[in-house]
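Taking it in order: structure first as C-alpha cells, then the write-up.
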Number of protein chains: 2
Amino acid sequence: MSQPKDTSGSKSGSESGSQSAAAEAAATAEMTMPPSVQAGAMTHAIFRVARLHRMLAAQLLRRVGLHPGQELVMMQLWDLGPQRQADLVRLLGSDAATMTRTIRRLEHAGFVRRHPCATDRRAFIIEPTTASLALRRQVEEVWAELESSVADSLTPDQQTEAIDALTRIERSLAHATTRHASAEQ
Amino acid sequence: MSQPKDTSGSKSGSESGSQSAAAEAAATAEMTMPPSVQAGAMTHAIFRVARLHRMLAAQLLRRVGLHPGQELVMMQLWDLGPQRQADLVRLLGSDAATMTRTIRRLEHAGFVRRHPCATDRRAFIIEPTTASLALRRQVEEVWAELESSVADSLTPDQQTEAIDALTRIERSLAHATTRHASAEQ
DNA sequence: GCGCTTTACTTGTTCGGGCAGGAAATGGCG
DNA sequence: CGCCATTTCCTGCCCGAACAAGTAAAGCGC
C-alpha cells in the first residue's frame, strides 16, 4: 500500500562518505522506520546498537590488521596460554569449523603457531607467537577505544544502568534460547 | 603463562543440544572471561547480547524460510511498497552488493519480483509478490516472539530503562562512528 | 581383541557483510 | 554538442558464521 509513484525522485543528496553512509542511515533511520519494524522496540534497538558496534569494531580492528572475531581468539591465547582448538571453541562459544579457518588465517598471518598435541593425536595445540605480543598492545588500545566510544558520552550512573539493562536482556535471551533449543525437536 | 598441561581433561559433560551449545557457552562465559576481555565491560556485554539476539532471530526466521537480513528487506517492501534497490540500500543502511545478492535470493524464493524502471534505465524496481503476503503474518509473529523473548522477563520499568540505555549507547556509537569516518583519511 | 559411541578437526556449502572494480546510464558543465 | 563526474547495478574476492558430512583418533563396553 501507499505505493510511491515517484520512485525516481527520492534522493536526499546527503551522501558524503562512502564508509559512513551505512552508519548514517542506521543512525537516522530510527525515525523513518515503518510500523512493522517499530512494533519491536527492543529488538530494533538491539539490532541498531549491534550493527553500529560491530561496524566500529571492524573499523578499529582493520587498522591493526585483524578481522572481527580474530581478536577474541588472540585474547584467549594471550590470557590463558596455548590451548587446543576445542578449548577455544568452548570458551568463545564459536563453531569448530569457523575456528579451523580462523586459526588457519591467524597462522598464515604469523600470529599463532600450531603443533600436534603429544597426548591426543586428534588435537592441535594453538599458541601465540612472540610476534603477536606487539599486536597485544594495539588490540588493547582498540578495545579501550571501543569501550570509550560506547561509554564516553554516558555518566557513570548511566553506564551502570546500561550494564544492568544489558545483563538483564542477556539473561532473558539466554533463557529464551535454551528454552527454544530444548523445546522444539 | 599458566600452560594447562591437562589439555585432555577439559570436558564439562553438559553438551545436550548441538544448537544450544554456543548459546550455553556465551551465557556461561561471562564469569570465565580473562582480564583483557573484562576490561571492556560495555563492549563485551554488547557483544554477548548481540550474538544471542542474532542467534535467536536466525533460529526463528529459519522456521519461515528466511535468512537474517532478508526479513528487513521484505518489511521495507511491505510497508513502503515497490522501491529501487538503491532505496532499500539507503533505508536499511546496507551494501549495494549485498542487496543485489539478497534480492536475487528473495526473487528466486518467489517473495519479490523485479522489473526495469521506466524513467531510469539503470534502476530496477523491486516489489513484493502476492505470495509474500502470507509470509508477512509469519514474519510479524517471529518479530513479536523475538520481542517477547527479550522483554518478557523484564518489568515495564526495566524495559523503559533498557530502551533508554540502548538509545544512549546508539547515539554514542553513532557519534563515534561518524567522527572516525570524518577524522581519518 | 572387537564394535560402538564420542570427540577433534577438516572440508564443502550457503548466507550476510564489506571492499574493489567495472559497465551502463544519467546529468551537469564548458 | 562532447567531456566528465556521479549514480546504479553487477561481479569477484575475502571474511565470519552456521550447517552438514566426513575422517581420524580416543574411550568405553563386551
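Side-chain atoms are counted along with the backbone in the values below, which use heavy atoms only and exclude waters and symmetry mates. Quick caveat, the model's predicted, so the values are computed rather than measured. Below, read A as the first sequence line, B as the second, and so on, with proteins coming before strands; counting in each chain starts at 1.
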Next on the checklist: Nearest whole Å is fine: how far is D:dA17 P from A:His67 NE2?
Outcome noted: 12 Å
Expected list for residues 105-116 of chain A: side-chain donor-acceptor pairs under 3.5 angstrom, two or more places apart:
{"unit_1": "A:Arg113", "atom_1": "NE", "unit_2": "A:Glu127", "atom_2": "OE2", "d": "3.2"}
{"unit_1": "A:Arg113", "atom_1": "NH2", "unit_2": "A:Glu127", "atom_2": "OE2", "d": "3.1"}
{"unit_1": "A:Arg114", "atom_1": "NH1", "unit_2": "A:Gln85", "atom_2": "OE1", "d": "3.3"}

Checklist entry - At under 4.0 Å, does any side-chain N or O of B:Thr98 touch on OP1 or OP2 of C:dG16? => result no
Checklist entry - If you check every side-chain atom of A:Phe124, which of C:dT26, C:dG18, C:dC9 has the closest atom? => result C:dC9
Checklist entry - Whole-Å distance between D:dT6 P and B:Asp120 CG? => result 17 Å
Checklist entry - At under 4.0 Å between heavy atoms, what does B:Ala58 touch on the DNA or RNA strands: base, sugar-phosphate, or nothing? => result nothing
Next on the checklist: Rounded to whole Å, how long is the line connecting atom CD of A:Glu107 with atom C1' of C:dT10?
Outcome noted: 14 Å
Next on the checklist: If I take atom CZ in residue B:Arg62 and atom C1' in nucleotide C:dG16, what distance separates them, rounded to the nearest angstrom?
Outcome noted: 15 Å
Item to check | Which residue lies more 5' along DNA chain C, comparing A:Ala86 with B:Pro68 via nearest heavy atoms | outcome: A:Ala86
Item to check | Residue-phosphate contact under 4.0 Å: A:Arg54 side-chain N/O, D:dG16 OP1/OP2 | outcome: no
Item to check | Toward the 5' end of DNA chain D, by each residue's nearest nucleotide, B:Ala97 or A:Arg121 | outcome: B:Ala97
Next on the checklist: For a quick test of reading the model: is some side-chain N or O of B:Arg114 closer than 4.0 Å to OP1 or OP2 of D:dC9?
Outcome noted: no
Next on the checklist: Let me confirm one number: the CD-CD1 distance from A:Gln83 to A:Ile125, rounded to the nearest 0.5 Å.
Outcome noted: 9.0 Å
Checklist entry - Please give, in whole Å, the distance from C:dC19 C1' to A:Met55 CE? => result 14 Å
Next on the checklist: In this structure, how many angstroms lie between the P atom of C:dT10 and the CG atom of A:Leu88, rounded?
Outcome noted: 12 Å
Checklist entry - What about A:Arg101, does its side chain sit under 3.5 Å from the base of C:dG12 through a donor-acceptor pair? => result yes
Checklist entry - For the pair made of CG in B:Leu61 and P in C:dC15, what is the distance, rounded to whole Å? => result 14 Å
Next on the checklist: Check this one for me: any side-chain N or O of A:Arg84 less than 4.0 Å away from OP1 or OP2 of C:dA8?
Outcome noted: yes
Checklist entry - Starting at the 5' end of DNA chain D, which residue's closest nucleotide do you reach first, A:Gly69 or B:Met99? => result B:Met99
Next on the checklist: If you compare every side-chain N and O of B:Gln59 against the phosphate oxygens of D:dA18 (OP1, OP2), does one of them come in below 4.0 Å?
Outcome noted: no
Checklist entry - Does A:Pro68 have any side chain to side chain contact (heavy atoms under 4.5 Å, CB included) partners at least two apart in sequence or in another chain, and if so, which? => result A:Ala58
Checklist entry - According to a strict under-4.0 Å criterion, is B:Gln70 in side-chain N/O contact with OP1 or OP2 of C:dG16? => result yes
Checklist entry - What's the closest nucleotide to the B:Arg105 side chain, out of C:dG16, D:dC10, C:dT10? => result C:dG16
Item to check | Distance, rounded to the nearest Å, where A:Phe47 contributes CZ and C:dG16 contributes C1' | outcome: 12 Å
Checklist entry - How many angstroms lie between atom CD1 of A:Ile169 and atom CD of B:Gln158, to the nearest 0.5 angstrom? => result 10.0 Å
Checklist entry - Can a donor-acceptor pair under 3.5 Å be found between the side-chain atoms of B:Arg122 and the base atoms of C:dT26? => result no
Next on the checklist: Walk me through whether A:Arg136 and A:Glu71 qualify under salt bridge (charged side-chain N to carboxylate O under 4.0 Å, His left out).
Outcome noted: CA-CA 9 Å; A:Arg136 183 171 187 171; A:Glu71 89 282 8; over 6 Å; no
Checklist outcome for this item: Considering only heavy side-chain atoms of A:Asp95, the closest of D:dC19, C:dG18, D:dC15 is D:dC19
Item to check | Separation between CG of A:Leu60 and OG of A:Ser149, rounded to the nearest 0.5 Å | outcome: 6.5 Å
Item to check | Nearest to side-chain heavy atoms of A:Ala96, which nucleotide of C:dC9, C:dG18, D:dC9 | outcome: C:dC9
